[in-house]
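Down below is the structure, laid out as structure tokens.
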Amino acid sequence: MTIGIDKIGFATARYQLSMADLASARNTDPNKYSIGLMLDRLSIAPITEDIVTLGAAAAEKILTDEDKATIDMVIVASESSIDQSKAAAVFVHGLLGIQPFARSIEMKEACYSATAGLNYAKLYVSANPQSKVLVIASDIAKYGIKTSGEPTQGAGALAMLVTAQPRIIAFNDDNIAQTRDVMDFWRPNYSVTPFVQGMFSTKQYLDSLKTVWTEYQKRQNLSLEDFAAFCFHIPYPKLANKGLNKLMDKTLDDKVRAQLQEHFDSSIHYSRQVGNIYTGSLYLSFLSLLENAQSLQAGDRIGFFSYGSGAVSEIFSGNLVDGFKNMLGDSQQKELDQRKLISVPEYEMMFFEEADLDQDGNASFIDYDTHTFVLDSIVEHQRRYKRR
Ligand code: COA
């Protein structure tokens, strides 16, 4: 029995910031962002959009009524949680109308947790082959105004349906993970933005890639020639590009090198326009690859490098399934272009707006544009969502 991703969907915020505008406001050479980080635009989420609305919107795009009647586990992976206790997956389960006899949980380990979610889903389906598991990677990346991480913010969610006999990609049982206790990026409960040792985090990312890849090759007896493409966690595309260069040593065949680079360029197409979406960014790179690469074929082996600060990393692979192209919807490009362009002052106001609660814990919001679902209000400290 094969197990893997049967459907994949994406949703991002309805507002965008141009990196050229941000560069001008920060007295920075625009090439630093467009060439140095390889970023062109960022998605900006208003206060009425959060990991629940984004995650539910991404899932709503791909699920049929039959899926909703069958799904028996909902996993939301995130590091932008809206509650310390109640799982975002419970809100998502309710908004989507998924049948009641389902397990709904939230998972966390920085940008890595969606990979753990997929692995749990795989194990669950292998024991329950009729099951369908909805895995959502949803995050809003906020570093703060004028911080070094500011140009690498973003917002978005990926929804993936994990089943037996998947129609997009079948996972191989080849996962190699690594944990190392480092403080490269963390967010204590009392802080709305993370603490980051930026340069240290890039070193950890690249060094984790090197050590996990070495171990993966040793244990799986595979080399880069066995892969048609490699998808990376993308805090910003330039770092992932450095990651690819780390894997491609001098002895690599030129044709393989050219194909890997071409597929890599397809895999960063959306991230360049969305920014960092933390745990979803690896899977946005996979969707971008699927929708933008010209020469992918059924049977191709795709590698995945997952990295979450703190730090946990993992390499695994899957093979594209016959007919995978039939499972792709419209390209994301139209929706990305339709996002409303906002100025830097508008971004500063919108992205960092906080709920103005009265003494009873009530708040209402300006009617910002959102996807299918919206955070409508807070009533006695309870978040109230509705379908638009
Ligand atoms: N034209 C072209 N490129 C330029 C440039 C210009 N005018 N000015 C700078 N650059 C390049 C730099 O050479 C560098 O590229 P390199 O890494 O290939 O050398 C790149 O732009 C970044 O500039 P740099 O000054 O080195 O770093 P920074 O102060 O902008 O910080 C991060 C970069 C990643 C540390 C910062 O964005 C950050 O803290 N991000 C959040 C943490 C993160 O994403 N970590 C990743 C692992 S999870």
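FYI, the numbering just counts along the sequence from 1. Order of appearance sets the numbers: ligands from 1, and atoms from 1 within every ligand.
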Classify the ring geometry between Y347 and F351 as parallel (under 30°), tilted (30 to 60°) or perpendicular (over 60°). tilted

Closest protein heavy atom to atom 15 (O) of ligand 1, given as residue, atom name and distance to 0.1 Å: K238 NZ, 3.5 Å

Between E60 and K68, is there a salt bridge with N-O shorter than 4.0 Å? yes

Counting from 1 in the order shown, the ligand 1 atoms closer than 4.0 Å to a non-hydrogen atom of T152 are 37 (O), 40 (N), 41 (C)

L247 side chain reached by F305 side chain, heavy atoms, under 4.5 Å: no

Report yes or no: does a heavy atom of Q204 sit under 4.0 Å from some atom of ligand 1? no

Counting heavy atoms only, name the option from P30, G36, G198, P235 that's nearest to atom 14 (C) of ligand 1. G36

From atom 2 (C) of ligand 1, work out which of V196, T28, N31, L239 has a heavy atom at the shortest distance. N31

Verdict with reasoning, E66 to T64, per side chain to side chain donor-acceptor pair (under 3.5 Å): CA-CA 5 Å; E66 196 200 331; T64 61; 5.0 Å; no

Which protein heavy atom lies closest to atom 22 (C) of ligand 1, and at what distance to 0.1 Å? L37 CD2, 4.0 Å

Give the residue and atom name of whichever protein heavy atom lies nearest to atom 39 (O) of ligand 1, and the separation in Å to one decimal. S148 OG, 3.2 Å

For atom 32 (C) of ligand 1, is some protein heavy-atom partner under 4.0 Å away? no

Looking at every non-hydrogen atom in both residues, tell me the closest pair between S317 and Y216 and how far apart they are. OG-OH, 3.6 Å

Nearest non-hydrogen protein atom, atom 7 (N) of ligand 1: D29 OD2, 2.9 Å

Close approach of F185 to ligand 1, heavy atoms, under 4.0 angstrom: no

Close-contact set for ligand 1 against S201 heavy atoms, below 4.0 Å: 42 (C), 43 (C), 45 (N), 46 (C), 47 (C)

Give me the nearest non-hydrogen protein atom to atom 19 (O) of ligand 1 as residue plus atom name, then the distance to 0.1 Å. K242 NZ, 4.1 Å

Which atoms of ligand 1 have any heavy atom of Y236 under 4.0 Å away? 34 (C), 44 (O)

Looking at ligand 1, does E150 have a heavy atom less than 4.0 Å from it? no

Residues D367, R388: salt bridge by 4.0 Å N-O rule: yes

Which residue from M199, M38, K32, Q197 reaches closest to atom 10 (N) of ligand 1 through any of its heavy atoms? K32

Can you confirm whether some protein heavy atom lies under 4.0 Å from atom 26 (O) of ligand 1, or whether none does? yes

For the 3.5 Å polar cut-off, considering only N or O atoms, please tell me whether Y205 and ligand 1 meet it. no

Decide yes or no on ring pair (Phe, Tyr, Trp, His ring centres under 6.0 Å) for Y278 and F185, but give the supporting numbers first. CA-CA 12 Å; Y278 290 158; F185 175 112; 5.7 Å; yes

Would you check if the side chain of H263 reaches a backbone N or O of A228 as a donor-acceptor pair within less than 3.5 Å? yes

Below 30° counts as parallel, above 60° as perpendicular, anything between as tilted: where do the rings of H233 and Y307 land? parallel

S191 (side chain) donor-acceptor with R187 (main chain) under 3.5 angstrom: no

Could you see if M73 belongs to whatever hydrophobic cluster contains L95? Use Ile, Leu, Val, Met, Phe, Trp, Tyr and a side-chain cutoff under 4.5 Å. no

